[in-house]
Amino acid sequence: MTVFIMVAGAFTGAHVWRETAGQLAAAGAEVHPVPLTGLDADRPAASGPVGLETHIADVLAVIDAVDPVDPEGPEGPGGTADTVDGAASGRDIVLVGHDYGIHPALGAADRRPGSVARVVYLDCGMPQNGVPALAAVPDQALRAELAERAEAGERGGALAPPGRDGWQRWGSTADVPDAALDRLTALAAPQPLDTLLQPLRLTGAAAAVPTTGVLCTRNGVSVDLVQRLVDLGDPMAAALADPGVTFFELPTGHWPMLSRPADLADVLLRAAADEGRRLRPAGAAGTPPAHLRPFPLDVPALPRDRRGPVDLYVPDAEGPRPAVVVVHGGPVPAGARPTPREWPTLVGYARLAAAEGVVGATLDHRLHDIGDYERAAADVAAAVELVRADPRVDADRVALWFFSGGGPLAAHWLAEPPPWLRCLAASYPILEPLPNWGMADSRFNPVRAVARAGALPLVLLRAGRETPEIAATVEAFVAAAEDCGARLDLVDVPNGHHGFETLDPPEETRPALRRAMRTVVAHLTGRPA
(Lines give C-alpha, C1' and ligand atoms only; values in the text may rest on other atoms or scores of the structure.)
Protein backbone atom coordinates (compact mmCIF):
# COMPACT_ATOMS: atom_id res chain seq x y z
CA MET A 1 0.00 0.00 0.00
CA THR A 2 1.09 3.56 -0.73
CA VAL A 3 0.88 5.94 2.22
CA PHE A 4 0.70 9.65 1.42
CA ILE A 5 1.86 12.00 4.17
CA MET A 6 0.92 15.53 3.11
CA VAL A 7 2.30 18.80 4.48
CA ALA A 8 0.51 22.07 3.66
CA GLY A 9 1.99 25.47 2.93
CA ALA A 10 2.12 28.78 4.76
CA PHE A 11 -0.99 29.90 6.72
CA THR A 12 -2.80 26.66 5.87
CA GLY A 13 -3.28 23.29 7.48
CA ALA A 14 -4.41 19.74 6.94
CA HIS A 15 -7.84 20.96 5.82
CA VAL A 16 -6.56 22.02 2.37
CA TRP A 17 -6.00 18.36 1.42
CA ARG A 18 -9.61 17.30 2.03
CA GLU A 19 -10.71 16.72 -1.58
CA THR A 20 -7.39 15.31 -2.80
CA ALA A 21 -7.14 13.02 0.25
CA GLY A 22 -10.60 11.70 -0.52
CA GLN A 23 -9.61 10.90 -4.10
CA LEU A 24 -6.45 9.12 -2.97
CA ALA A 25 -8.31 7.10 -0.36
CA ALA A 26 -10.90 6.09 -2.95
CA ALA A 27 -8.02 4.76 -5.07
CA GLY A 28 -6.91 2.54 -2.19
CA ALA A 29 -4.14 4.66 -0.69
CA GLU A 30 -3.66 5.51 2.96
CA VAL A 31 -3.58 9.28 3.51
CA HIS A 32 -2.29 11.35 6.43
CA PRO A 33 -2.52 15.16 6.13
CA VAL A 34 -0.17 16.47 8.80
CA PRO A 35 -1.63 18.90 11.36
CA LEU A 36 1.06 21.49 12.05
CA THR A 37 1.57 23.03 15.47
CA GLY A 38 0.39 26.61 15.64
CA LEU A 39 -1.51 26.35 12.36
CA ASP A 40 -4.03 23.55 12.76
CA ALA A 41 -6.88 23.91 15.24
CA ASP A 42 -6.79 20.15 15.84
CA ARG A 43 -3.17 20.27 16.97
CA PRO A 44 -2.46 20.77 20.68
CA ALA A 45 -1.04 24.20 21.53
CA ALA A 46 2.73 24.40 21.70
CA SER A 47 4.40 24.58 25.08
CA GLY A 48 7.05 26.94 23.71
CA PRO A 49 8.01 28.91 20.59
CA VAL A 50 7.02 27.35 17.27
CA GLY A 51 9.73 27.13 14.61
CA LEU A 52 10.66 25.02 11.63
CA GLU A 53 12.02 22.31 13.92
CA THR A 54 8.59 22.10 15.57
CA HIS A 55 7.00 21.33 12.24
CA ILE A 56 9.70 18.82 11.32
CA ALA A 57 8.85 17.04 14.58
CA ASP A 58 5.16 17.09 13.59
CA VAL A 59 5.97 15.35 10.30
CA LEU A 60 8.32 12.87 12.01
CA ALA A 61 5.55 11.90 14.41
CA VAL A 62 3.30 10.90 11.51
CA ILE A 63 6.11 9.03 9.72
CA ASP A 64 6.96 7.13 12.90
CA ALA A 65 3.33 6.24 13.47
CA VAL A 66 3.22 4.68 10.01
CA ASP A 67 6.71 3.14 10.12
CA PRO A 68 7.83 2.91 13.76
CA VAL A 69 11.43 3.77 14.63
CA ASP A 70 13.63 0.96 15.94
CA PRO A 71 14.76 2.15 19.39
CA GLU A 72 17.94 0.14 18.95
CA GLY A 73 18.81 1.93 15.69
CA PRO A 74 22.27 3.42 15.31
CA GLU A 75 21.20 6.96 16.11
CA GLY A 76 18.15 6.39 18.27
CA PRO A 77 15.03 8.55 18.43
CA GLY A 78 15.27 11.91 16.71
CA GLY A 79 18.14 10.92 14.45
CA THR A 80 18.46 9.21 11.08
CA ALA A 81 17.19 6.00 12.59
CA ASP A 82 16.47 2.49 11.37
CA THR A 83 12.84 1.41 11.19
CA VAL A 84 11.12 -1.72 12.41
CA ASP A 85 9.59 -2.73 9.09
CA GLY A 86 10.66 -0.10 6.56
CA ALA A 87 10.11 -0.97 2.92
CA ALA A 88 9.64 -4.61 3.87
CA SER A 89 6.25 -3.68 5.38
CA GLY A 90 4.95 -3.00 1.88
CA ARG A 91 3.74 0.46 2.97
CA ASP A 92 5.64 2.92 0.77
CA ILE A 93 5.58 6.40 2.26
CA VAL A 94 5.27 9.24 -0.23
CA LEU A 95 5.96 12.53 1.51
CA VAL A 96 4.25 15.50 -0.20
CA GLY A 97 5.26 19.08 0.61
CA HIS A 98 3.43 22.09 -0.81
CA ASP A 99 4.86 25.61 -0.71
CA TYR A 100 6.41 26.16 2.76
CA GLY A 101 5.47 22.56 3.60
CA ILE A 102 8.41 21.20 1.60
CA HIS A 103 10.78 22.53 4.29
CA PRO A 104 9.45 20.42 7.19
CA ALA A 105 8.80 17.54 4.78
CA LEU A 106 12.38 17.50 3.52
CA GLY A 107 13.74 17.99 7.04
CA ALA A 108 11.80 14.92 8.14
CA ALA A 109 12.88 12.86 5.12
CA ASP A 110 16.49 13.72 5.89
CA ARG A 111 16.05 12.14 9.33
CA ARG A 112 14.06 9.12 8.19
CA PRO A 113 15.45 8.31 4.72
CA GLY A 114 14.89 4.60 5.27
CA SER A 115 11.18 5.18 5.82
CA VAL A 116 10.42 7.48 2.88
CA ALA A 117 10.03 6.00 -0.60
CA ARG A 118 9.59 9.34 -2.40
CA VAL A 119 9.43 13.07 -1.74
CA VAL A 120 7.03 15.11 -3.88
CA TYR A 121 7.78 18.81 -4.29
CA LEU A 122 4.39 20.35 -5.03
CA ASP A 123 4.86 23.71 -6.77
CA CYS A 124 7.69 24.79 -4.49
CA GLY A 125 11.38 25.54 -4.51
CA MET A 126 14.39 23.40 -3.67
CA PRO A 127 15.31 23.96 -0.01
CA GLN A 128 19.02 23.95 0.76
CA ASN A 129 20.93 23.14 3.92
CA GLY A 130 21.32 26.16 6.18
CA VAL A 131 18.80 28.29 4.26
CA PRO A 132 15.54 29.35 5.95
CA ALA A 133 12.15 29.12 4.29
CA LEU A 134 12.20 32.91 4.14
CA ALA A 135 14.33 32.60 0.99
CA ALA A 136 11.37 30.99 -0.79
CA VAL A 137 8.79 33.65 0.17
CA PRO A 138 7.64 34.90 -3.26
CA ASP A 139 6.73 38.46 -2.22
CA GLN A 140 10.06 40.23 -2.53
CA ALA A 141 9.06 43.27 -0.47
CA LEU A 142 7.83 41.07 2.37
CA ARG A 143 10.95 38.93 2.17
CA ALA A 144 13.15 41.99 2.56
CA GLU A 145 11.05 43.23 5.51
CA LEU A 146 11.27 39.87 7.30
CA ALA A 147 15.00 39.68 6.67
CA GLU A 148 15.41 43.06 8.37
CA ARG A 149 13.33 41.88 11.33
CA ALA A 150 15.46 38.75 11.60
CA GLU A 151 18.68 40.78 11.56
CA ALA A 152 17.25 42.90 14.35
CA GLY A 153 16.78 39.74 16.41
CA GLU A 154 12.99 39.58 16.11
CA ARG A 155 12.08 35.91 15.88
CA GLY A 156 8.91 35.61 17.94
CA GLY A 157 5.40 36.44 16.93
CA ALA A 158 3.62 35.50 13.74
CA LEU A 159 2.90 36.75 10.24
CA ALA A 160 -0.74 37.61 9.66
CA PRO A 161 -2.43 35.54 6.94
CA PRO A 162 -3.49 37.17 3.67
CA GLY A 163 -6.97 38.53 3.18
CA ARG A 164 -9.11 37.11 0.41
CA ASP A 165 -7.49 39.32 -2.21
CA GLY A 166 -3.97 38.81 -0.85
CA TRP A 167 -3.36 35.17 -1.69
CA GLN A 168 -2.24 36.12 -5.19
CA ARG A 169 0.94 37.58 -3.66
CA TRP A 170 1.85 34.05 -2.50
CA GLY A 171 1.07 32.31 -5.77
CA SER A 172 -1.45 32.24 -8.57
CA THR A 173 -5.03 31.58 -7.46
CA ALA A 174 -6.00 30.61 -11.01
CA ASP A 175 -8.90 28.14 -11.17
CA VAL A 176 -9.59 28.17 -7.40
CA PRO A 177 -13.40 28.33 -7.02
CA ASP A 178 -14.77 31.25 -5.05
CA ALA A 179 -16.11 28.96 -2.33
CA ALA A 180 -12.72 27.28 -1.92
CA LEU A 181 -10.96 30.65 -1.75
CA ASP A 182 -13.45 31.79 0.87
CA ARG A 183 -12.77 28.64 2.91
CA LEU A 184 -9.00 29.04 2.52
CA THR A 185 -9.25 32.60 3.86
CA ALA A 186 -11.62 31.73 6.69
CA LEU A 187 -9.42 28.87 7.96
CA ALA A 188 -6.07 30.62 7.45
CA ALA A 189 -3.90 31.00 10.55
CA PRO A 190 -0.99 33.29 11.40
CA GLN A 191 2.34 31.75 10.36
CA PRO A 192 4.78 31.54 13.28
CA LEU A 193 7.65 33.79 12.29
CA ASP A 194 10.39 31.38 13.28
CA THR A 195 9.09 28.75 10.87
CA LEU A 196 10.30 31.10 8.14
CA LEU A 197 13.47 32.33 9.86
CA GLN A 198 14.90 29.13 11.33
CA PRO A 199 17.50 27.59 8.95
CA LEU A 200 16.75 24.16 7.55
CA ARG A 201 19.38 21.67 8.66
CA LEU A 202 20.05 18.79 6.26
CA THR A 203 22.69 16.08 6.52
CA GLY A 204 22.28 14.90 2.92
CA ALA A 205 20.87 11.57 4.07
CA ALA A 206 17.75 12.01 1.93
CA ALA A 207 19.69 12.70 -1.26
CA ALA A 208 19.18 9.13 -2.48
CA VAL A 209 15.39 9.21 -1.92
CA PRO A 210 13.57 9.43 -5.30
CA THR A 211 11.82 12.74 -5.88
CA THR A 212 9.05 14.13 -8.06
CA GLY A 213 8.36 17.75 -8.88
CA VAL A 214 4.78 18.74 -9.63
CA LEU A 215 4.81 22.12 -11.38
CA CYS A 216 1.71 24.28 -11.64
CA THR A 217 2.18 26.01 -14.97
CA ARG A 218 -0.26 28.88 -14.34
CA ASN A 219 1.99 29.87 -11.46
CA GLY A 220 4.81 30.47 -13.93
CA VAL A 221 6.93 27.31 -13.95
CA SER A 222 7.03 24.50 -16.51
CA VAL A 223 9.14 21.42 -17.10
CA ASP A 224 10.60 23.04 -20.22
CA LEU A 225 11.73 26.00 -18.12
CA VAL A 226 13.48 23.69 -15.67
CA GLN A 227 15.11 21.89 -18.61
CA ARG A 228 16.47 25.24 -19.81
CA LEU A 229 18.04 25.82 -16.40
CA VAL A 230 19.74 22.43 -16.65
CA ASP A 231 20.95 23.26 -20.16
CA LEU A 232 22.32 26.61 -18.96
CA GLY A 233 24.52 24.85 -16.44
CA ASP A 234 22.75 25.91 -13.25
CA PRO A 235 24.52 23.78 -10.61
CA MET A 236 21.37 23.48 -8.48
CA ALA A 237 19.32 22.40 -11.49
CA ALA A 238 21.88 19.81 -12.62
CA ALA A 239 20.73 17.39 -9.92
CA LEU A 240 17.22 17.51 -11.38
CA ALA A 241 18.41 15.56 -14.42
CA ASP A 242 19.19 12.56 -12.21
CA PRO A 243 17.26 9.41 -13.26
CA GLY A 244 15.66 9.31 -9.82
CA VAL A 245 13.87 12.62 -10.41
CA THR A 246 10.58 12.85 -12.30
CA PHE A 247 8.28 15.75 -13.18
CA PHE A 248 4.63 16.41 -13.84
CA GLU A 249 2.78 19.55 -14.89
CA LEU A 250 -0.67 20.66 -13.82
CA PRO A 251 -2.23 23.48 -15.91
CA THR A 252 -3.49 25.41 -12.92
CA GLY A 253 -2.41 27.87 -10.23
CA HIS A 254 -0.49 27.45 -6.99
CA TRP A 255 -3.23 25.65 -5.03
CA PRO A 256 -4.02 22.54 -7.12
CA MET A 257 -5.52 20.75 -4.11
CA LEU A 258 -8.28 23.39 -4.31
CA SER A 259 -8.46 24.00 -8.06
CA ARG A 260 -7.78 20.52 -9.50
CA PRO A 261 -8.02 18.03 -6.57
CA ALA A 262 -8.81 14.98 -8.71
CA ASP A 263 -6.04 15.75 -11.20
CA LEU A 264 -3.59 16.27 -8.34
CA ALA A 265 -4.56 12.92 -6.84
CA ASP A 266 -3.99 11.23 -10.19
CA VAL A 267 -0.55 12.84 -10.53
CA LEU A 268 0.42 11.81 -7.00
CA LEU A 269 -0.56 8.20 -7.68
CA ARG A 270 1.48 8.23 -10.88
CA ALA A 271 4.42 9.78 -9.05
CA ALA A 272 4.27 7.00 -6.48
CA ALA A 273 4.46 4.53 -9.37
CA ASP A 274 7.69 6.23 -10.59
CA GLU A 275 6.01 7.73 -13.63
CA GLY A 276 6.66 11.21 -14.95
CA ARG A 277 8.96 13.07 -17.30
CA ARG A 278 12.70 12.91 -16.79
CA LEU A 279 15.03 15.72 -17.76
CA ARG A 280 17.92 15.47 -20.18
CA PRO A 281 21.34 16.12 -18.66
CA ALA A 282 23.19 19.09 -20.11
CA GLY A 283 25.07 18.03 -23.24
CA ALA A 284 23.42 14.60 -23.33
CA ALA A 285 23.99 12.52 -26.46
CA GLY A 286 26.21 15.21 -27.94
CA THR A 287 23.20 17.43 -28.74
CA PRO A 288 23.85 21.09 -27.96
CA PRO A 289 21.24 22.79 -25.79
CA ALA A 290 18.80 25.06 -27.59
CA HIS A 291 20.58 28.30 -26.68
CA LEU A 292 23.81 27.08 -28.31
CA ARG A 293 22.34 25.90 -31.63
CA PRO A 294 23.07 27.83 -34.85
CA PHE A 295 21.17 30.95 -35.84
CA PRO A 296 18.76 30.13 -38.71
CA LEU A 297 19.85 32.97 -41.05
CA ASP A 298 23.10 33.32 -42.94
CA VAL A 299 24.72 36.45 -41.52
CA PRO A 300 28.15 37.99 -42.19
CA ALA A 301 30.89 36.47 -40.03
CA LEU A 302 31.93 39.83 -38.64
CA PRO A 303 34.44 39.67 -35.80
CA ARG A 304 33.37 40.84 -32.40
CA ASP A 305 34.90 43.95 -30.92
CA ARG A 306 34.83 43.47 -27.16
CA ARG A 307 34.46 46.57 -25.01
CA GLY A 308 33.99 45.62 -21.37
CA PRO A 309 30.61 43.87 -20.98
CA VAL A 310 29.67 44.70 -24.60
CA ASP A 311 30.54 43.06 -27.92
CA LEU A 312 30.16 45.23 -31.03
CA TYR A 313 29.60 43.97 -34.57
CA VAL A 314 30.41 46.89 -36.88
CA PRO A 315 29.46 46.99 -40.58
CA ASP A 316 31.96 48.08 -43.20
CA ALA A 317 30.51 51.55 -43.66
CA GLU A 318 31.68 55.10 -43.21
CA GLY A 319 30.61 57.49 -40.51
CA PRO A 320 28.80 56.84 -37.22
CA ARG A 321 26.03 54.31 -37.67
CA PRO A 322 22.81 53.67 -35.74
CA ALA A 323 22.97 50.75 -33.31
CA VAL A 324 20.78 47.84 -32.23
CA VAL A 325 21.56 46.76 -28.66
CA VAL A 326 20.50 43.17 -27.90
CA VAL A 327 19.44 42.52 -24.27
CA HIS A 328 19.36 38.87 -23.26
CA GLY A 329 16.78 37.18 -21.06
CA GLY A 330 17.11 35.17 -17.92
CA PRO A 331 17.60 34.43 -15.18
CA VAL A 332 20.92 32.97 -16.36
CA PRO A 333 23.16 31.23 -13.80
CA ALA A 334 26.21 33.29 -12.88
CA GLY A 335 28.53 30.47 -13.93
CA ALA A 336 26.96 29.81 -17.34
CA ARG A 337 29.57 29.52 -20.10
CA PRO A 338 29.58 30.83 -22.70
CA THR A 339 27.91 33.96 -21.37
CA PRO A 340 24.78 35.24 -23.17
CA ARG A 341 26.56 37.81 -25.35
CA GLU A 342 28.26 34.86 -27.10
CA TRP A 343 25.13 32.76 -27.66
CA PRO A 344 24.56 32.08 -31.36
CA THR A 345 21.03 33.51 -31.41
CA LEU A 346 22.01 36.84 -29.86
CA VAL A 347 25.18 37.12 -31.94
CA GLY A 348 23.01 36.28 -34.95
CA TYR A 349 20.69 39.20 -34.26
CA ALA A 350 23.67 41.55 -33.85
CA ARG A 351 25.28 40.38 -37.09
CA LEU A 352 21.92 40.57 -38.87
CA ALA A 353 21.73 44.21 -37.79
CA ALA A 354 25.24 44.75 -39.19
CA ALA A 355 24.14 43.16 -42.47
CA GLU A 356 21.49 45.89 -42.64
CA GLY A 357 24.17 48.57 -42.23
CA VAL A 358 23.86 49.38 -38.52
CA VAL A 359 26.02 48.43 -35.54
CA GLY A 360 24.88 45.34 -33.64
CA ALA A 361 25.75 44.96 -29.96
CA THR A 362 25.36 42.16 -27.43
CA LEU A 363 25.95 42.50 -23.71
CA ASP A 364 26.02 40.62 -20.42
CA HIS A 365 23.97 41.69 -17.43
CA ARG A 366 23.55 40.16 -13.99
CA LEU A 367 20.02 38.77 -14.09
CA HIS A 368 20.97 35.59 -12.24
CA ASP A 369 17.83 35.40 -10.08
CA ILE A 370 14.32 36.87 -10.08
CA GLY A 371 15.45 39.31 -7.42
CA ASP A 372 18.17 40.72 -9.70
CA TYR A 373 16.12 42.97 -11.98
CA GLU A 374 17.33 46.18 -10.32
CA ARG A 375 21.01 45.44 -10.83
CA ALA A 376 20.39 44.00 -14.29
CA ALA A 377 18.64 47.24 -15.24
CA ALA A 378 21.66 49.21 -14.05
CA ASP A 379 23.95 46.93 -16.08
CA VAL A 380 21.87 47.46 -19.22
CA ALA A 381 21.83 51.24 -18.79
CA ALA A 382 25.61 51.31 -18.35
CA ALA A 383 26.15 49.06 -21.38
CA VAL A 384 23.90 51.23 -23.54
CA GLU A 385 25.90 54.31 -22.62
CA LEU A 386 29.10 52.46 -23.48
CA VAL A 387 27.66 51.66 -26.93
CA ARG A 388 26.51 55.24 -27.48
CA ALA A 389 29.96 56.56 -26.53
CA ASP A 390 31.69 54.52 -29.23
CA PRO A 391 32.76 56.83 -32.11
CA ARG A 392 31.43 54.37 -34.69
CA VAL A 393 27.92 54.67 -33.25
CA ASP A 394 25.44 57.47 -33.89
CA ALA A 395 24.52 58.18 -30.25
CA ASP A 396 21.23 59.77 -31.31
CA ARG A 397 19.90 56.70 -33.12
CA VAL A 398 19.76 53.56 -30.96
CA ALA A 399 17.28 50.68 -30.71
CA LEU A 400 16.96 48.27 -27.79
CA TRP A 401 15.87 44.67 -28.38
CA PHE A 402 14.77 42.57 -25.40
CA PHE A 403 14.42 38.79 -25.19
CA SER A 404 12.41 36.40 -23.02
CA GLY A 405 12.92 37.06 -19.29
CA GLY A 406 14.70 40.29 -20.19
CA GLY A 407 11.32 41.70 -21.20
CA PRO A 408 10.59 43.34 -17.81
CA LEU A 409 13.78 45.38 -18.26
CA ALA A 410 12.02 47.21 -21.09
CA ALA A 411 9.62 48.89 -18.64
CA HIS A 412 11.99 51.75 -17.75
CA TRP A 413 12.63 52.61 -21.40
CA LEU A 414 8.90 52.52 -22.17
CA ALA A 415 8.01 54.73 -19.23
CA GLU A 416 10.75 57.30 -19.89
CA PRO A 417 11.94 56.95 -23.50
CA PRO A 418 15.00 59.14 -24.12
CA PRO A 419 15.11 61.11 -27.39
CA TRP A 420 17.91 58.94 -28.80
CA LEU A 421 15.85 55.76 -28.41
CA ARG A 422 14.31 55.39 -31.86
CA CYS A 423 12.77 51.91 -31.46
CA LEU A 424 12.15 49.25 -28.82
CA ALA A 425 11.82 45.64 -29.96
CA ALA A 426 11.18 42.37 -28.16
CA SER A 427 11.25 38.69 -29.08
CA TYR A 428 8.99 36.23 -27.19
CA PRO A 429 9.24 38.48 -24.12
CA ILE A 430 7.75 38.22 -20.65
CA LEU A 431 5.95 41.55 -20.41
CA GLU A 432 4.73 41.57 -16.83
CA PRO A 433 5.98 39.68 -13.76
CA LEU A 434 4.73 36.10 -13.53
CA PRO A 435 2.59 35.15 -10.50
CA ASN A 436 5.32 33.25 -8.62
CA TRP A 437 7.85 36.09 -8.91
CA GLY A 438 6.45 38.07 -6.00
CA MET A 439 6.73 41.34 -7.98
CA ALA A 440 3.11 42.47 -8.15
CA ASP A 441 4.00 46.09 -7.40
CA SER A 442 7.32 46.13 -9.21
CA ARG A 443 8.33 48.87 -11.62
CA PHE A 444 9.44 46.15 -14.05
CA ASN A 445 6.03 45.86 -15.69
CA PRO A 446 5.92 46.80 -19.38
CA VAL A 447 2.14 46.29 -19.50
CA ARG A 448 1.72 49.24 -17.15
CA ALA A 449 4.63 51.23 -18.61
CA VAL A 450 3.52 51.20 -22.26
CA ALA A 451 0.92 53.91 -21.63
CA ARG A 452 3.84 56.36 -21.26
CA ALA A 453 5.72 55.26 -24.39
CA GLY A 454 4.32 58.11 -26.45
CA ALA A 455 5.45 58.00 -30.08
CA LEU A 456 8.23 55.44 -29.47
CA PRO A 457 7.97 52.77 -32.21
CA LEU A 458 7.57 49.23 -30.82
CA VAL A 459 8.25 45.95 -32.63
CA LEU A 460 7.05 42.70 -31.06
CA LEU A 461 8.04 39.26 -32.34
CA ARG A 462 5.28 36.97 -31.09
CA ALA A 463 5.50 33.16 -30.85
CA GLY A 464 2.25 31.46 -31.83
CA ARG A 465 3.01 28.46 -29.61
CA GLU A 466 4.24 30.44 -26.64
CA THR A 467 3.70 28.96 -23.19
CA PRO A 468 0.26 30.07 -21.94
CA GLU A 469 1.67 31.94 -18.92
CA ILE A 470 4.02 34.09 -21.04
CA ALA A 471 1.48 34.44 -23.85
CA ALA A 472 -0.94 35.98 -21.36
CA THR A 473 1.58 38.74 -20.58
CA VAL A 474 2.11 39.40 -24.29
CA GLU A 475 -1.61 39.67 -24.97
CA ALA A 476 -2.02 41.99 -21.98
CA PHE A 477 0.73 44.19 -23.41
CA VAL A 478 -0.83 44.25 -26.88
CA ALA A 479 -4.19 45.21 -25.38
CA ALA A 480 -2.59 47.95 -23.28
CA ALA A 481 -0.69 49.24 -26.32
CA GLU A 482 -3.87 49.39 -28.38
CA ASP A 483 -5.73 51.17 -25.60
CA CYS A 484 -3.15 53.95 -25.42
CA GLY A 485 -2.55 54.21 -29.17
CA ALA A 486 1.08 53.06 -29.03
CA ARG A 487 2.98 52.60 -32.32
CA LEU A 488 3.14 48.80 -32.24
CA ASP A 489 4.24 46.54 -35.10
CA LEU A 490 3.42 42.88 -34.53
CA VAL A 491 5.52 40.24 -36.28
CA ASP A 492 4.03 36.79 -35.77
CA VAL A 493 5.67 33.38 -35.99
CA PRO A 494 2.43 31.35 -36.02
CA ASN A 495 4.00 27.96 -35.26
CA GLY A 496 6.90 29.35 -33.26
CA HIS A 497 7.80 28.29 -29.74
CA HIS A 498 9.57 30.31 -27.07
CA GLY A 499 13.10 30.60 -28.44
CA PHE A 500 11.90 29.69 -31.93
CA GLU A 501 15.17 30.66 -33.66
CA THR A 502 16.79 27.39 -32.60
CA LEU A 503 13.74 25.22 -31.84
CA ASP A 504 11.65 25.48 -34.98
CA PRO A 505 12.25 24.83 -38.71
CA PRO A 506 14.27 27.70 -40.23
CA GLU A 507 11.87 28.14 -43.12
CA GLU A 508 9.16 29.11 -40.62
CA THR A 509 11.27 31.63 -38.70
CA ARG A 510 13.46 33.32 -41.33
CA PRO A 511 10.81 35.60 -42.88
CA ALA A 512 9.75 36.91 -39.46
CA LEU A 513 13.35 37.56 -38.40
CA ARG A 514 14.11 39.50 -41.58
CA ARG A 515 10.90 41.49 -41.38
CA ALA A 516 11.40 42.39 -37.71
CA MET A 517 15.01 43.48 -38.21
CA ARG A 518 14.20 45.56 -41.27
CA THR A 519 11.34 47.23 -39.42
CA VAL A 520 13.67 48.16 -36.56
CA VAL A 521 16.35 49.41 -38.95
CA ALA A 522 13.75 51.46 -40.83
CA HIS A 523 12.92 53.28 -37.60
CA LEU A 524 16.64 53.94 -37.06
CA THR A 525 17.49 55.10 -40.56
CA GLY A 526 14.25 56.42 -42.03
CA ARG A 527 14.52 54.18 -45.07
CA PRO A 528 11.58 51.91 -46.02
CA ALA A 529 11.41 48.51 -44.37
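- The pair Asp305-Arg392 meets the salt-bridge criterion, with a side-chain N (NZ, NE, NH1 or NH2) lying under 4.0 Å from an Asp/Glu carboxylate O.
- Distance CG/Leu352 to CE/Met517: 4.5 Å, rounded to 0.5 Å.
- Counting only heavy atoms from C-beta outward, the side chains of Asp489 and His523 approach each other to under 4.5 Å.
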Steps toward side-chain hydrogen bond (donor to acceptor under 3.5 Å, both in side chains) verdict (Thr212, Thr246): CA-CA 5 Å; Thr212 295; Thr246 63; 2.7 Å; yes
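- In this structure, Arg228 does not pair ionically with Asp231, as no charged nitrogen and carboxylate oxygen lie closer than 4.0 Å.
- A salt bridge does not link Arg278 to Asp242: none of the charged nitrogens lies less than 4.0 Å from a carboxylate oxygen.
- Nearest heavy-atom pair, Ala109 versus Val119, reported as atom, atom and distance to 0.1 Å: CB-CG2, 3.9 Å.
- Note: Phe444 and Tyr373 have tilted aromatic rings, judged against thresholds of 30 and 60 degrees for the angle between ring planes.
- Few gaps surround CG on Asn495; more than 12 heavy atoms of other groups in view lie less than 6.0 Å from it.
- Between Thr473 and Ile470 the shortest side-chain heavy-atom distance falls below 4.5 Å.
- At distances below 3.5 Å, not a single donor-acceptor pair connects side-chain atoms of Arg397 with backbone N or O atoms of Trp420.
- Under a 4.0 Å N-O distance rule, the pair Arg337/Glu342 does not qualify as a salt bridge.
- Shown here for Ala425 and Val520, the closest heavy-atom pair between the two residues is CB-CG2, 3.8 Å.
- Taking 4.0 Å as the cut-off between side-chain N and carboxylate O, Arg118 and Asp274 count as a salt-bridged pair.
- When side chains are defined from C-beta on, Leu312 counts as touching Val359, because their heavy atoms get closer than 4.5 Å.
- Residue Asn436 holds its CG atom at 9.0 Å from NE2 of His254, rounded to the nearest 0.5 Å.
- In this structure, Asp110 contributes its side chain and Thr203 its backbone to a donor-acceptor pair below 3.5 Å.
- For Arg465 (side chain) and Pro494 (main-chain N/O), no donor-acceptor pair under 3.5 Å exists by modelled atom type.
- No side-chain heavy atom of Leu200 sits less than 4.5 Å from a side-chain heavy atom of Val131.
- Proximity of Leu215 to Phe247: side-chain heavy atoms (C-beta onward) are separated by under 4.5 Å at one or more points.
- Between Trp255 and Trp167, the ring planes are perpendicular. Angles over 60° get that label, and only those under 30° would be called parallel.
- Panel note: side chain Asn129, backbone Leu202; a donor-acceptor pair is recorded below 3.5 Å.
- Rounding to the nearest 0.5 Å places CG of Leu159 at 13.0 Å from CG of Asp194.
- Of all heavy-atom pairs between Leu250 and Pro256, the closest is CD1-CB, 3.9 Å.
- In this structure, the ring of Trp401 has its center no less than 6.0 angstrom from the ring center of Trp413.
- Note: Leu292 CG to Thr502 OG1 = 9.0 Å, rounded to the nearest 0.5 Å.
- A side-chain N or O of Asp175 and one of Thr252 form a donor-acceptor pair less than 3.5 Å apart.
- Results of the side-chain contact (heavy atoms from CB on, under 4.5 Å) test with Val393 over Leu386, Val387, Val325, Val314 single out Val387 as the only residue that passes.
- Listed by first and then second residue, the side chain to side chain donor-acceptor pair (under 3.5 Å) pairs involving residues 311-321 are Arg306-Asp311, Asp311-Arg341 (not counting sequence neighbours).
- Salt bridge present: Glu356 and Arg518 bring a charged side-chain N and a carboxylate O closer than 4.0 Å.
- For Asp369 and Arg375, the salt-bridge test fails: no basic side-chain N is under 4.0 Å from an acidic carboxylate O.
- The shortest side-chain heavy-atom distance between Val96 and Val7 does not fall under the 4.5 Å cut-off.
- With Asp123 contributing its side chain and Cys216 its backbone, the two residues share a donor-acceptor pair below 3.5 Å.
- A salt bridge links Arg169 and Asp441; the closest N-O separation between the charged side-chain nitrogens and carboxylate oxygens is under 4.0 Å.
- Taken from OG1 in Thr362 to CZ in Arg351, the straight-line distance is 9.5 Å, to the nearest 0.5 Å.
- Classification of Arg462 and Glu466 as a salt-bridged pair fails, no side-chain N sitting under 4.0 Å from a carboxylate O.
- The two residues Ser222 and Glu249 make their nearest non-hydrogen contact at CB-OE2, 3.4 Å.
- The closest side-chain heavy-atom distance from Val398 to Pro322 is not below 4.5 Å.
- Contacts of Ser404 classified as side chain to side chain donor-acceptor pair (under 3.5 Å), with partners at least two apart in sequence or in another chain: His498.
- Counting heavy atoms from C-beta outward, Gln140 and Met439 have side chains that approach closer than 4.5 Å.
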